[in-house]
Amino acid sequence: MYAQAASSFTTLRDLLRFAVSRFNDAGLFYGHGTQNAYDEAAYLTLSALKLPMDQLEPFLDAKLLPTEVQDVVDMIERRAEQRVPVAYLTHEAWQGDFNFYVDERVLVPRSFIYELLGEPLQPWIEHPELVQRALDLCTGSGCLAIQLAHHYPDAEIDAVDISLDALEVAAINVQNYGLDERVQLIHTDMFEGLEEKYDLIISNPPYVDAESVDALPPEYLHEPELALGSGEDGLDATREILRRAPDFLNDKGVLLVEIGHNRDMLEECFPTLPFMWMETESGDGFVFLITREDLVAGLAADAQ
């Protein structure tokens with residue numbers, strides 16, 4: 001059926017219309033960079049055809065080669081039938097002005113932390129040159145480590161992950177951005193074996209609770225399970241980060257961690273910690289900041 005349909009398509013407009021119809025009919029879940037069938041279809045077709053993401057209109061009625069049409073139709077069908085996230089089909093994901101290679105060895109980049117690097121952190125890090133060394137825990141594709149290097153050009157970056165598969169993907173991105181000499185990829189479990197002190201530690205760790213993991217849409221089942229769930233309440237990794245971070249932060253160091261929808265649970269678990277909840281495009285309940293000084297004092301009070 002779809003081979004027959006593809007043979008009648010000649011333009012990007014044809015493919016765009018077909019993709020929107022298929023995605024709506026399939027009842028897809030959107031959460032890996034787009035929020036609706038049209039945006040998903042536009043992104044898939046433009047990316048697959050290697051066209052600029054911000055210039056759909058000039059190409060809508062351009063004639064396509066039969067092989068181009070078939071390749072895009074195949075992607076549309078994989079998206080609709082197998083529920084594969086578009087980023088895994090195109091091997092590309094964007095965060096702001098940065099694009100990254102991705103495949104099913106890593107999460108599709110969607111952390112809010114990238115919005116907060118640089119100017120939003122100036123109340124705590126007045127000048128970029130004050131960050132001489134930074135750490136990205138659970139780096140995955142390396143996307144946040146690369147953006148750390150961009151915002152803090154004097155910094156050496158350590159990017160840590162427990163998954164060798166993820167680090168292989170991160171290595172591709174680090175090389176693509178020419179950062180091999182500034183971003184060190186380290187295979188370890190969280191802080192194990194690290195010896196440095198950092199001015200800034202960031203982390204987008206696993207934070208999905210067990211109940212939510214069981215209810216995830218099929219799209220998320222294509223992502224590494226290790227990078228999603230973190231114990232019964234989703235906070236196992238975050239608890240370890242809070243407990244151990246003081247030993248790896250400089251005296252004026254800053255910790256920035258994303259925790260999904262777990263704000264209430266986290267504040268209940270650590271009532272003495274003065275979390276600063278950072279404003280992102282999706283709200284102020286997903287990423288917290290805490291200084292080493294406040295973290296040490298809060299943990300000490302909590303232990304009493």
- Intermediate values then yes/no, side-chain hydrogen bond (donor to acceptor under 3.5 Å, both in side chains), D74 and Q70: CA-CA 6 Å; D74 289 345; Q70 189 59 59; 2.9 Å; yes
- Beyond-backbone contact of T291 with L295, side-chain heavy atoms, under 4.5 angstrom: no
- Message: Determine whether a donor-acceptor pair (N or O, by modelled atom type, separation under 3.5 Å) exists between the side chain of D294 and the backbone of I290.
- Response: no
- Quick one: CE on M190 to CD1 on I241, what's the gap to the nearest 0.5 Å? 3.5 Å
Please output the side-chain donor-acceptor pairs of residues 51-67 that fall under 3.5 Å, not counting sequence neighbours, one pair per line with the distance.
{"from": "D61", "atom 1": "OD1", "to": "R13", "atom 2": "NE", "distance (Å)": "2.8"}
{"from": "D61", "atom 1": "OD2", "to": "R13", "atom 2": "NH2", "distance (Å)": "2.9"}

- Item | E192: partners by salt bridge (charged side-chain N to carboxylate O under 4.0 Å, His left out), with sequence neighbours left out | R244
- Given side chains that start at C-beta, do those of Y198 and L194 come closer than 4.5 Å, heavy atoms only? yes
- Under the side chain to side chain contact (heavy atoms under 4.5 Å, CB included) test, which residues partner P218, sequence neighbours left out? R83
- Query: What are the two closest heavy atoms between L289 and M278, and how far apart are they?
  - Reply: CB-SD, 3.9 Å
- Item | Pair listing, salt bridge (Lys or Arg N to Asp or Glu O under 4.0 Å) test, anchored in residues 262-274, at least two apart | R263-E267, R263-D284
- Got L242 and L266 here, is their nearest side-chain heavy-atom distance under 4.5 Å? yes
Distance-only check: which donor-acceptor pairs under 3.5 Å involve side-chain atoms of residues 93-101, not counting sequence neighbours?
{"from": "W94", "atom 1": "NE1", "to": "E92", "atom 2": "OE1", "distance (Å)": "3.4"}
{"from": "Q95", "atom 1": "OE1", "to": "Q147", "atom 2": "NE2", "distance (Å)": "2.8"}
{"from": "Q95", "atom 1": "NE2", "to": "S111", "atom 2": "O", "distance (Å)": "3.3"}
{"from": "N99", "atom 1": "ND2", "to": "E92", "atom 2": "OE2", "distance (Å)": "3.2"}
{"from": "Y101", "atom 1": "OH", "to": "D103", "atom 2": "OD2", "distance (Å)": "2.9"}

- List the steps and the verdict of side chain to side chain contact (heavy atoms under 4.5 Å, CB included) for V160 and L135. CA-CA 8 Å; V160 168; L135 171 64; 3.7 Å; yes
- Message: Quick one, L137 and F191 - any side-chain contact, counting heavy atoms below 4.5 Å?
- Response: yes
- Message: Restricting to non-hydrogen atoms, name the atom on A166 and the atom on V106 that form the minimum distance, rounded to 0.1 Å.
- Response: CA-CG1, 3.6 Å
- Query: Considering all heavy atoms of both residues, which atom of I201 and which atom of A245 are nearest to each other, and what is their separation?
  - Reply: CD1-O, 4.5 Å
- Query: Can you find a heavy atom in the side chain of D251 that is under 4.5 Å from one in the side chain of R292?
  - Reply: yes
- Task: Name all pairs fulfilling the salt bridge (Lys or Arg N to Asp or Glu O under 4.0 Å) condition that reach into residues 252-262, sequence neighbours left out, sorted by first residue then second.
- Result: none
- L200 and I125: CA distance, side-chain angles, deciding distance, side chain to side chain contact (heavy atoms under 4.5 Å, CB included) verdict: CA-CA 9 Å; L200 174 61; I125 302 173; 4.2 Å; yes
- Message: Measuring only between side-chain heavy atoms, which start at C-beta, is S163 closer than 4.5 Å to P224?
- Response: no
- Which value, rounded to the nearest 0.5 Å, describes the distance between I259 atom CD1 and N204 atom CG? 11.0 Å
- Could I get the full list of ring-ring contact (aromatic ring centres under 6.0 Å, His included) partners for H261, not counting sequence neighbours? F286
- Item | Heavy-atom neighbours of Q122 CD exceed 12 at 6.0 Å | yes
- Message: Membership question, hydrophobic clusters at under 4.5 Å side-chain separation (ILVMFWY): are L89 and Y30 in the same one?
- Response: yes
- For Y220, what residues pass the ring-ring contact (aromatic ring centres under 6.0 Å, His included) criterion, not counting sequence neighbours? F29, H32
- Might you work through the side chain to side chain contact (heavy atoms under 4.5 Å, CB included) test for F270 and T272, ending with a clear yes or no? CA-CA 6 Å; F270 295 94; T272 62; 5.7 Å; no
- Does the pair L15 and V69 meet the rule for a side chain to side chain contact (heavy atoms under 4.5 Å, CB included), with working shown? CA-CA 8 Å; L15 291 174; V69 171; 4.1 Å; yes
- Task: Could you tell me whether the side chain of V108 reaches within less than 4.5 Å of the side chain of V86, counting heavy atoms only?
- Result: no
- Task: Among residues two or more places apart or on two chains, list those pairs meeting salt bridge (Lys or Arg N to Asp or Glu O under 4.0 Å) that have a residue in residues 117-143.
- Result: R133-E156, R133-D158, R133-E196
- Message: With a 4.5 Å cut-off on side-chain heavy atoms, are N176 and I172 touching?
- Response: yes
- Query: salt bridge (Lys or Arg N to Asp or Glu O under 4.0 Å): which pairs involve residues 163-174, sequence neighbours left out?
  - Reply: R105-E168
- Query: Do N36 and E40 have side-chain atoms, one donor and one acceptor, less than 3.5 Å apart?
  - Reply: no
- Item | Closest heavy-atom pair and its distance - D161, C138 | OD2-C, 3.5 Å
- Task: Using atom types as modelled and distance alone, determine if a side-chain donor or acceptor of S47 lies under 3.5 Å from a backbone N or O of L44.
- Result: no
- Item | Within 6.0 angstrom of Q132 CD, more than 12 heavy atoms from elsewhere | yes
- Under a single-linkage definition using a 4.5 Å side-chain heavy-atom cutoff for Ile, Leu, Val, Met, Phe, Trp and Tyr, are L49 and L16 assigned to the same hydrophobic cluster? yes
- In this structure, CG of L144 is separated from OG of S203 (nearest 0.5 Å) by 9.0 Å
- Query: Do you know the tightest heavy-atom contact between V174 and L185?
  - Reply: CG2-CD2, 4.2 Å
- Can you see which heavy atom on D14 is nearest to which on T10, and at what distance? OD2-N, 2.9 Å
- In chain order, what residues pass the salt bridge (charged side-chain N to carboxylate O under 4.0 Å, His left out) check against R78, with sequence neighbours excluded? none
- Message: Going by the rule salt bridge (charged side-chain N to carboxylate O under 4.0 Å, His left out), which residues pair with R243 if we only count those two or more places apart in sequence or in a different chain?
- Response: none
- Item | Spacing of OG1 belonging to T45 relative to CG belonging to D71, to within rounding of 0.5 Å | 13.5 Å
